[in-house]
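Just so you know, these numbers use all the heavy atoms, side chains as well, and skip hydrogens, waters and symmetry mates. Whatever order the structure lists them in is the order used to number ligands and atoms, beginning at 1. All residue numbers refer to positions in the sequence shown, counting from 1.
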Amino acid sequence: MNWTQMLDFDRGHIWHPYTSLASPLPVYPVESASGVRVRLQDGTELVDGMASWWCVIHGYNHPVLNEAVQKQLHKMAHVMFGGFTHEPAVELAQMLRDLTPQGLEKVFFCDSGSVSVEVALKMALQYWHAAGKPEKTKFISLERGYHGDTFGAMSVCDPVTGMHTLFSGFLPRNFFAPSPGCGFAEPCLPEHLEKAADLIKQHHREVAAFILEPVVQGAGGMKFYSPEYLNAVKQLCRQYDLLLIADEIATGFGRTGRLFACEHAGITPDIMCVGKALTGGYMSLAAAMCTDRIAEVISSRSPGAFMHGPTFMGNPLACATAVASIQLLLDCDWQKKIMFIEQELRKGLESCIDLPGVREVRVLGAIGVLEMEDMVDTALAQKMFVELGVWIRPFLNLIYVMPPYVADREDVAKLTQAMRYAAENI
Ligand code: PMP
C-alpha cells in the first residue's frame, strides 16, 4: 500500500478523535518523531507544540525511555494483576506516594485518564456507601471542566461543551459551579466563590465529592485560576463533609511549574488522578490515588473490596516506562526548564494582545494560550501551521501550546512566531 492508498483507507474507515467519517478533518501521515520534532512521511519536520496532548514531556524517541521499554520487554510485557504483583508496579506506586501531595498513600493503576476518573468517582461513591451515607451519590464540578469521555467522566464535564445534550437520557445529572472568575495571579474574592459555596451548602447531603482540575482547566477552555480558589474549595469540602477529587491528568508532572498543580495551593485532595505524562507519553497508563482514610472506610464494610479491576491494570511495560520517565524528570532540573519555557512563551506571546481578534494571552509554566474572539477553523489553521513547520492544533477559539520540556529557545520562538502569524492571518 502506498501513502495515497493508506490515506484513502484511513479516510474511509478509521475514526480520529472527534471527527466525522462523512467529512473527516485532514490527517498528516507521520513517519517518525525524535526530541521536539515530528517527521512527516514527505520529509517535512515539525516542531511539536502539543507534546501529543500533554504527554510527551521528555520529547519523542528518548534513549532512556526506549531502553526502559526494551529492558522490561525482555522480562515480560504483561501479566495479570489479579493475584500477581511485580517490581515496576511497586516501584512506581512508591514514587507516586513520595512525590504527590502528602497523605495520598494508596494507588489504583488503570489504563487511561478517563478510566482513572471513573475509578475516582467510584471510590467516592463506595466510600460514602461504606460510611453509612449511601444517599451521597452526586458530584459538583466546574463549568468548563473536562475529565474525559467515558460516561461518569462526561457527567462531570462542562454541561454545554461536554456532550450532555447528546447523551442526556443516559448520563447521571450532577451540579455545576461557574468556572472560577479569578485569574491565576489574582486573589479569590467572596464573589468568586459564592455560587460554588451556595451549591455545596444547598446540596452537600446528596453530594459525594467536588471534582476539579486544579489551577488549569484544560480541554474545557485552557483557563488558569487562582490557587486561593482551590484552597477555599478544599476548606468548604472539609466543612460540609464532601470529598475533593483533583484531576491532575493534564497538570501533573511539572507542566504548571509545580510537580502537581495542587502544590500551588498547598493542599492534599482526598483522591487524585494522574495520567498522560506519567509514562512520558510512551503508552497509556493512569492512576487514581487516595488517602488511607478513604481506603480504610471502603474496606470496612461489605463488599470490603474496591470494585474495579481492569485487564491491563498495572501493566509492567507501562509501569517500568513510567518509573524511568519520572526518574528522568527528577534527574533533570525540571523547574528551571519549565521556568525557561514560561519566560520564552511570555516573550513571544505577550505582545499578541495588541492584535485585533486576540481576546486574551495566558502563560503558566510550559503552557501558552492565545484566546481569540472567534472560533478558529482547525483544518485551515493546522495546514497553515504545517506550512510554517510547527505542530499546533487549535480548538474552539484557542490557539495554544504545551511543548515537550526539552524544547530550546529556537523551538519555543518558532512556536510563538507561528501562533502570532496565525492570529494575524486566520
Ligand atoms: N482529565 C483531564 C484533565 C484531561 O485533560 C484528560 C485528557 N484530555 C482526561 C481526563 C482523560 O484522559 P484520557 O484521554 O487518557 O482518557
Using a 3.5 Å distance criterion without hydrogens, assess whether the side chain of [X] forms a donor-acceptor pair with backbone atoms of [Y].
{"X": "Arg346", "Y": "Val363", "answer": "yes"}
{"X": "Lys234", "Y": "Pro269", "answer": "no"}
{"X": "Ser284", "Y": "Asp111", "answer": "yes"}

Enumerate the pairs of nitrogen or oxygen atoms, one from ligand 1 and one from the protein, separated by less than 3.5 angstrom; state names and distance to 0.1 Å.
{"from": "ligand 1", "atom 1": "1 (N)", "to": "Asp247", "atom 2": "OD1", "distance (Å)": "3.4"}
{"from": "ligand 1", "atom 1": "1 (N)", "to": "Asp247", "atom 2": "OD2", "distance (Å)": "2.6"}
{"from": "ligand 1", "atom 1": "8 (N)", "to": "Lys276", "atom 2": "NZ", "distance (Å)": "3.0"}
{"from": "ligand 1", "atom 1": "12 (O)", "to": "Ser114", "atom 2": "N", "distance (Å)": "3.4"}
{"from": "ligand 1", "atom 1": "15 (O)", "to": "Gly113", "atom 2": "N", "distance (Å)": "2.9"}
{"from": "ligand 1", "atom 1": "16 (O)", "to": "Ser114", "atom 2": "N", "distance (Å)": "2.7"}
{"from": "ligand 1", "atom 1": "16 (O)", "to": "Ser114", "atom 2": "OG", "distance (Å)": "2.6"}

Indicate whether the side chain of Gln202 and that of Asp198 have a donor and an acceptor atom separated by less than 3.5 Å.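 Side chains of Gln202 and Asp198: no pair found under 3.5 Å.
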Look at atom CD of Gln235 and say whether more than 12 heavy atoms of other residues, nucleotides or ligands are closer to it than 6.0 Å.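 Yes, because the 6.0 Å sphere around CD of Gln235 holds more than 12 heavy atoms from other groups.
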Charged N to carboxylate O under 4.0 angstrom, Lys136 versus Asp241? no
